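Below is one structure, written out as structure tokens, with a few remarks after it.
The analysis underlying the following values was restricted to heavy atoms, covering all of them including side chains, and did not include hydrogens, waters or symmetry mates. The model shown is predicted, which means the values in this text are computed figures rather than measured ones. Note that ligands are numbered from 1 as they come in the structure, with each ligand's atoms numbered from 1 the same way.
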Amino acid sequence: MEKEQKPDKFKEQKTTVSIVTPFGEGGIGKIVVSGQDALSIVNKVFQGKGIADLREALSHKLYYGHIHHRGQRIDEVVLHIMKQRDSFTGKDEVEVNCHGGIRVLISIYECIESTGAEGAPWTSLLSQSLENNKIDLVQKEALQEIVQAQTKLGVKVLLDQYAGALSAVLRKGLEIIGGIRRSLNKNESYHNGAVHPHLSRKRQLDNQSLNTIPSSHEGRPGGDNRLDENDASVSALTDTINSLLKTASFGMALTAPQVLVILGKPNVGKSTIINAILGEERMLVHHEPGTTRDYVSEFIAVDGVPFELVDTAGMRDTNDMLEAMSIELTQEQLRRADKVLVVFDNSRPFDREDEGILGALNSWLTSKISGDLPQKVNTPSVIPVINKCDLPAKLDKLRIESALYQPICSLSALNKEGFDNLNRRLVQEYDTAYKPMRPLVFNERQYLLLAEADVLLKQAQECLIAKNKPGKTLHVIDKVQGIFTACLKGSQ
Ligand SMILES: Nc1nc2c(ncn2[C@@H]2O[C@H](COP(=O)(O)OP(=O)(O)OP(=O)(O)O)[C@@H](O)[C@H]2O)c(=O)[nH]1
Ligand SMILES: [Mg+2]
């Protein structure tokens with residue numbers, strides 16, 4: 001007991017100061033002081049109107065005044081006090097609302113630091129909240145992701161996960177696991193002849209005689225029912241995990257924009273396509289091949305799903321040094337790609353350069369699938385695009401279809417036609433019609449843990465079918481419990 005108390009006491013003693021608003025010009029900046037000495041530390045530098053001693057401040061009240069340091073007035077501030085029981089971190093908190101701007105923020109931060117608080121990044125407030133069980137790890141991760149979300153849909157989904165959508169399912173899973181464990185424990189002691197201390201001598205003898213029954217459990221009153229119930233619980237848990245795992249590609253697409261690289265030989269209209277998608281003349285377009293030399297990237301959202309759209313230099317064999325360097329840059333971008341838009345020109349026959357592009361794509365797909373190139377949960381995909389469909393067709397589409405086995409998107413980037421279909425293709429694997437409070441897996445940590453639990457549950461199911469390994473089943477279920485707990489709270 002004594003051992004456990006020490007680290008908690010240490011945590012309580014540490015009072016931190018963090019700048020929580022971004023550096024830059026703004027009307028208001030905010031600094032948060034959190035810890036058991038928060039009020040006394042800020043009290044040393046605060047001269048308030050209507051309050052002489054901040055330690056007597058009330059929770060959830062605002063206090064107007066000034067921060068002073070070494071006889072100098074630093075800034076006019078409004079403090080928001082939250083006592084331990086009401087605060088986000090689970091510790092006493094003082095929010096110092098000052099004027100925005102880098103200088104003011106740094107001055108107040110340094111002044112509070114020199115008065116006894118320990119400087120910490122804003123994310124340390126999330127860690128304190130987690131340590132004090134105000135939030136769980138999934139909620140903490142959702143908060144960390146919200147600030148980086150690129151789309152409104154991303155914010156909406158992450159706010160729901162912060163509100164507990166995914167955590168509730170994981171907690172429900174832990175309840176089911178608890179039920180299976182209790183039942184298996186009974187089975188195990190039953191199987192081993194272990195006897196509950198409170199059972200009467202007669203019951204003990206009865207139990208021992210029951211243990212002579214063959215391990216198939218046949219003929220044991222109630223025994224098979226319990227196994228069937230466990231089987232049903234494991235199946236329910238497996239279903240829950242599988243439906244969560246299916247949400248991962250959408251959840252992770254929202255938190256980590258996929259790299260969408262546009263590829264094709266020179267002059268097929270890649271930059272014109274990008275400009276049409278962006279709705280502005282962002283990329284230089286020219287009738288001469290080799291216009292794009294460097295790669296250029298922009299963020300776009302399609303139905304709320306963010307993508308990093310990368311324009312590249314056209315790929316072809318060349319002796320020109322500058323062009324060769326551009327092509328190397330294109331290949332570098334291809335290695336980062338999660339999805340590729342490969343563009344062909346409707347007005348020109350399929351040629352050796354197009355063939356070369358298809359070859360490069362094949363190697364890319366093989367490297368992605370084999371794991372030689374990093375790959376997110378989302379499967380890598382290629383969307384073939386035929387551009388310049390406003391011009392008479394000279395391209396042999398069959399060559400492309402037979403190489404890529406993918407339906408082709410027909411575009412006229414010049415006339416801005418065909419883009420609805422392209423957008424649909426980009427997000428077709430996601431259920432973008434998001435229902436509020438839908439649980440979603442939104443990072444790799446959660447995904448890998450749940451995938452591991454899924455494998456273990458299959459083992460548990462096999463043990464249950466074999467009907468004679470309650471000890472092993474219990475061991476596997478214990479591991480699954482550890483994984484669910486790690487998912488919610490981190491490794492213990
Ligand atoms: N008719 C027609 N012309 C197009 C279309 N899309 C692009 N073009 C023209 O094709 C030429 C090349 O377009 P770009 O967008 O620069 O082609 P690119 O693939 O980026 O070329 P590089 O950067 O040199 O690799 C320009 O003259 C465009 O106006 C289209 O849909 N129809
Ligand atoms: Mg270009």
Side-chain angles (χ1 to χ4, degrees), residues 259-300 302 307-337 339-361 364 382-397 399-401 403-404 406-426:
V259 180
L260 173 62
V261 168
I262 187 157
L263 204 71
K265 67 183 178 187
N267 212 246
V268 290
K270 299 179 294 298
S271 300
T272 313
I273 291 173
I274 296 223
N275 286 343
I277 292 175
L278 294 175
E280 58 174 295
E281 300 306 304
R282 170 76 176 78
M283 310 296 167
L284 197 62
V285 167
H286 199 262
H287 60 270
E288 284 290 324
T291 307
T292 306
R293 290 291 171 132
D294 203 352
Y295 69 88
V296 187
S297 72
E298 284 280 348
F299 283 93
I300 56 159
V302 179
F307 290 93
E308 182 190 343
L309 184 58
V310 185
D311 189 12
T312 61
M315 289 223 297
R316 65 172 167 187
D317 285 338
T318 179
N319 293 324
D320 177 80
M321 220 179 50
L322 189 61
E323 195 172 355
M325 282 164 72
S326 306
I327 293 169
E328 180 44 40
L329 283 177
T330 299
Q331 271 157 348
E332 201 179 299
Q333 289 309 303
L334 184 60
R335 287 192 280 274
R336 293 178 61 223
K339 279 189 162 69
V340 175
L341 282 190
V342 56
V343 186
F344 302 91
D345 186 338
N346 184 51
S347 66
R348 287 190 274 166
F350 188 89
D351 59 17
R352 265 192 51 239
E353 285 172 5
D354 292 315
E355 194 75 62
I357 302 271
L358 287 178
L361 270 181
W364 173 76
V382 175
I383 302 176
V385 169
I386 295 185
N387 189 33
K388 307 195 187 182
C389 287
D390 51 292
L391 297 177
K394 291 191 184 154
L395 185 73
D396 179 6
K397 289 187 188 180
R399 294 288 299 273
I400 300 160
E401 272 166 350
L404 295 174
Q406 290 289 333
I408 290 172
C409 267
S410 300
L411 294 183
S412 166
L414 196 68
N415 298 337
K416 300 189 173 46
E417 281 165 10
F419 285 88
D420 287 348
N421 184 28
L422 177 61
N423 283 346
R424 265 194 302 279
R425 285 289 298 283
L426 284 172

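Side chain of N421 to main chain of G418: no donor-acceptor pair is present (N/O by atom type, distance under 3.5 Å, no hydrogens or angles). Between the N346 side chain and the L391 main chain, a donor and an acceptor come within less than 3.5 Å of each other. Checking side-chain atoms of S412 against main-chain N and O of K388 turns up no donor-acceptor pair under 3.5 Å. A donor-acceptor pair under 3.5 Å is absent between the side-chain atoms of N387 and the main chain of D345, judged by distance alone. Within the 3.5 Å criterion, the main-chain N or O of K265 finds a donor-acceptor partner in the side chain of K270. The main-chain N or O of L334 is found under 3.5 Å from a side-chain atom of W364 such that the two form a donor-acceptor pair.
Ligand 1 has an N or O atom lying under 3.5 Å from an N or O atom of N387, backbone or side chain. On a distance-only criterion, D311 and ligand 1 share no N/O pair closer than 3.5 Å. For ligand 1, the polar-atom distance check against V268 finds a nitrogen or oxygen pair separated by under 3.5 Å. Annotation: A313 places no N or O atom under 3.5 Å from an N or O atom of ligand 1; distance criterion only. The distance criterion of under 3.5 Å between nitrogen or oxygen atoms is met by A413 with respect to ligand 1.
Against a heavy-atom cut-off of under 4.0 Å, G269 is close to the following atoms of ligand 1: 7 (C), 13 (O), 14 (P), 15 (O), 17 (O), 18 (P), 19 (O). Near L391, meaning under 4.0 Å from one of its heavy atoms, ligand 1 places the atoms 1 (N). Close contacts between ligand 1 and D390 involve ligand atoms 1 (N), 2 (C), 30 (C), 31 (O), 32 (N) [criterion: under 4.0 Å to a heavy atom]. Atoms of ligand 1 lying under 4.0 Å from any heavy atom of S412, numbered from 1 in the order shown and given with element: 31 (O).
Residues passing the side chain to side chain contact (heavy atoms under 4.5 Å, CB included) test with F419 are I273, A276, I277, L411, A413, L422, sequence neighbours excluded.
Under 4.0 Å from ligand 1, heavy atoms of N267 appear from its side chain as well as its backbone.
Among K265, K270, K416, the residue whose heavy atom lies closest to atom 25 (O) of ligand 1 is K270.
Checking T312 against the Mg ion (ligand 2), every N/O/S atom stays at or beyond the 2.8 Å cut-off.
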